[in-house]
Amino acid sequence: MKIVVLDGYSVNPGDLSWSALEECGEVTVYDRTSPCDVVERAGTADAVLTNKVVISEEVMSKLPNLKYIGVLATGYNVVDADAAARRGVVVTNVPAYSTNSVVQMTFAHILNMTNRVAHYARENREGKWSASPDFCYWDTCLDELAGRTLGVVGLGNIGYKVACLARDFGMDVFACTSKNSASLPTGIQKTTFEGLLGISDILTLHCPLTKETKEMINKATLDRMKHGALLINTGRGALVNEADVADALVSGQLGGYGADVMQEEPPRADNPLLNAPNSYITPHIAWATTAARKRLMAVASANVKAFVGGKPVNVVG
């Protein structure tokens, strides 16, 4: 079986091994593949693995041996799954491999904005504490999470864990979710998205990107949030209107924005969020802990093995 990995670098820049995948067949790994090179590189492959390289119906039509597409991620919008199904091509993904890591990043952003860790580390490098007449030094408000209200949009694997961890911090937790309120654990109360806007000290986004949720955070919804509330986005960049979020940060309506995703990745250098006050953007790395990438590669290899064995798993579409 001939297997081609089109963009392996982001998953494995060299610190992990492709050996488990190599047990399934002849493997060729490309660090990155531009759209114009996809057909040439995958031309005779039986199986193609992709993270962000798009596999369209047009591309599939030029790959005569293609039987399998493995997405090296949970989201599989880079593949035309309907076209694959029509052609009898199996498509799989890697679900829930990064849940713990994304939850961790969500709270990294929350704690950075409430405890101002990066700010004070920078102040110390500049000698502010050393020059202080007191044993301690601070020049910002420092917030405690206990007693504050966290609004969670979406209670999938990640949103649910964020909500439960917030309870452990002593927060009041409300969620916008399709789940029945009776099925929610003690301490997590169901409400509407509109309800979350008015009560949340911190609003965190963990819902899928759909026509209904695209730019759900915009000027109108930002204006309905508490003045000075914090917004977290480790879901999808397009859940927010980035220009409106930047304006809300400048005006002070929004107290801070912590995000690991943006609408365009990498972002344009002139994206207003990169220089807006109290905007903290990490470069889409929540998923990329070593532990999460090991899980991703292990499941991706197991997916291929299962397909070769005639019993595919984690099939999408």
Any chance you could lay out the side chain to side chain contact (heavy atoms under 4.5 Å, CB included) test for Leu150 and Asp172, step after step, and finish with the verdict? CA-CA 6 Å; Leu150 179 74; Asp172 297 322; over 6 Å; no
Given the rule in the salt bridge (charged side-chain N to carboxylate O under 4.0 Å, His left out) test, do Glu265 and Lys52 qualify, once you have shown the distances and angles that lead to the verdict? CA-CA 11 Å; Glu265 295 177 342; Lys52 291 293 184 287; over 6 Å; no
Go through the steps to decide whether Met1 and Phe307 satisfy the test side chain to side chain contact (heavy atoms under 4.5 Å, CB included), and finish with yes or no. CA-CA 11 Å; Met1 184 175 192; Phe307 171 75; 3.7 Å; yes
Verdict with supporting geometry, Asp7 and Arg32, salt bridge (charged side-chain N to carboxylate O under 4.0 Å, His left out): CA-CA 4 Å; Asp7 52 346; Arg32 302 169 185 86; over 6 Å; no
Test log, rule side chain to side chain contact (heavy atoms under 4.5 Å, CB included), inputs Leu184 and Lys190: CA-CA 8 Å; Leu184 301 184; Lys190 180 173 179 175; 3.9 Å; yes
How far apart are the C-alpha atoms of Leu111 and Leu145, what are their side-chain angles, what is the distance that settles it, and do they pass the side chain to side chain contact (heavy atoms under 4.5 Å, CB included) test? CA-CA 9 Å; Leu111 294 171; Leu145 293 181; 3.9 Å; yes
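Atom CH2 of Trp129 is surrounded by 12 or fewer heavy atoms from other residues, nucleotides or ligands within 6.0 Å. Dense packing is recorded around CZ of Arg116, with more than 12 heavy atoms of other residues, nucleotides or ligands lying under 6.0 Å away. Within 6.0 Å of the CD atom in Glu144, the count of heavy atoms belonging to other residues, nucleotides or ligands does not exceed 12.
Between the side chain of Thr213 and the main chain of Met216, no donor-acceptor pair closer than 3.5 Å is present. In this structure, Asp134 contributes its side chain and Cys136 its backbone to no donor-acceptor pair below 3.5 Å. The closest donor-acceptor contact from the side chain of Gln253 to the backbone of Leu222 lies under 3.5 Å. Side-chain N or O atoms of Glu194 include none that pairs as donor or acceptor with a backbone N or O of Arg224 at under 3.5 Å. In terms of modelled atom types and a separation under 3.5 Å, the side chain of Asn180 and the main chain of Ala182 share a donor-acceptor contact. No donor-acceptor distance shorter than 3.5 angstrom exists from the side chain of Ser279 to the backbone of Leu274, with no hydrogens or angles considered. A donor-acceptor contact shorter than 3.5 Å is absent between the side chain of Thr282 and the backbone of His284. In this structure, the side chain of Lys2 does not engage the main chain of Val27 through any donor-acceptor pair within 3.5 Å. Listed for the Asp37 side chain is no donor-acceptor partner under 3.5 Å among the backbone atoms of Glu40. A donor-acceptor contact shorter than 3.5 Å links the side chain of Lys67 to the backbone of Asn65.
In this structure, the side chains of Arg293 and Tyr97 stay at 4.5 Å or more apart for every pair of heavy atoms. Counting heavy atoms from C-beta outward, Tyr137 and Glu123 have side chains that approach closer than 4.5 Å. A 4.5 Å side-chain heavy-atom check between Asn303 and Tyr68 finds at least one atom pair inside the cut-off. A 4.5 Å side-chain heavy-atom check between Arg86 and Asp82 finds at least one atom pair inside the cut-off. Considering only heavy atoms from C-beta on, Val71 comes within 4.5 Å of Val79 through its side chain. Put simply, the side chain of Met60 reaches to within 4.5 Å of the side chain of Ile55, judged on heavy atoms. You'll find the side chain of Tyr120 reaches within 4.5 Å of the side chain of Thr140, heavy atoms only. Contact annotation: the side chain of Leu296 approaches that of Leu72 to within less than 4.5 Å [non-hydrogen atoms, C-beta and beyond].
Nearest heavy-atom pair, Pro95 versus Asn314, reported as atom, atom and distance to 0.1 Å: CG-OD1, 3.6 Å. The shortest non-hydrogen separation linking Gly43 to Pro64 is O-CD, 3.5 Å. Between Leu249 and Pro277, the shortest heavy-atom contact is CB-O, 3.4 Å. Ala175 and Leu196 get closest at one heavy-atom pair: N-CD2, 4.1 Å. Ala73 and Asn51 make their closest contact through CB-OD1, 4.2 Å (heavy atoms, listed as atom of the first residue, atom of the second, distance). The two atoms that bring Gly25 and Ile3 nearest to each other are N-CD1, 4.1 Å, heavy atoms only.
Checked against the 6.0 Å centroid threshold, Phe107 and Phe169 count as a close aromatic pair.
There is no side-chain donor-acceptor pair under 3.5 Å between Thr92 and Tyr76. Side-chain atoms of Ser56 and Asp80 form no donor-acceptor pair, as typed in the model, at a separation below 3.5 Å. Side-chain contact check for Thr106 and Thr234: at least one donor-acceptor pair (N or O, by modelled atom type) lies under 3.5 Å.
Cluster annotation: Val103 is connected to Met113 through the hydrophobic network of ILVMFWY side chains, with a link wherever side-chain heavy atoms come within less than 4.5 Å. A continuous path of ILVMFWY side-chain contacts below 4.5 Å connects Val304 to Leu16, so both sit in one hydrophobic cluster. Cluster membership for Met262 and Trp287, using ILVMFWY side-chain heavy atoms within less than 4.5 angstrom, is not shared. Taken together through direct or relayed side-chain contacts under 4.5 Å among Ile, Leu, Val, Met, Phe, Trp and Tyr, Leu203 and Val240 form part of one hydrophobic cluster. Grouping the Ile, Leu, Val, Met, Phe, Trp and Tyr side chains by contacts below 4.5 angstrom, directly or via other members, places Leu155 with Met171.
Taking a cutoff of 4.0 Å between a charged side-chain nitrogen and a carboxylate oxygen, Lys128 and Asp139 do not qualify as a salt bridge. Lys62 has a carboxylate O that lies under 4.0 Å from a charged side-chain N of Glu58, or vice versa, which qualifies the two as a salt bridge. Under a 4.0 Å N-O distance rule, the pair Lys226/Asp201 qualifies as a salt bridge. Using a cut-off of 4.0 Å between Lys/Arg side-chain N and Asp/Glu carboxylate O, Asp247 and Lys219 are scored as not salt-bridged.
Summarising the geometry, atom CG belonging to Leu142 is positioned 8.5 Å from atom OG1 belonging to Thr114; distances are rounded to the nearest 0.5 Å. Atoms CE and CD1, from Met105 and Ile158 in turn, are 12.0 Å apart once rounded to the nearest 0.5 Å. Rounded to the nearest 0.5 angstrom, Thr149 OG1 and Ile199 CD1 are separated by 6.0 Å. Here the CG-OG1 distance, from Leu66 to Thr44, works out to 11.0 Å after rounding to the nearest 0.5 Å. The CG atom of Leu273 lies 13.5 Å from the CZ atom of Arg268; values are rounded to the nearest 0.5 Å. Expressed to the nearest 0.5 Å, how far NZ of Lys179 lies from OH of Tyr160 amounts to 8.5 Å.
If you run side chain to side chain contact (heavy atoms under 4.5 Å, CB included) between Ile69 and each of Val91, Val78, Asn93, only Val91 comes through. Remark: of the listed residues Val5, Val38, Val4, Val38 is the sole one forming a side chain to side chain contact (heavy atoms under 4.5 Å, CB included) with Thr33.
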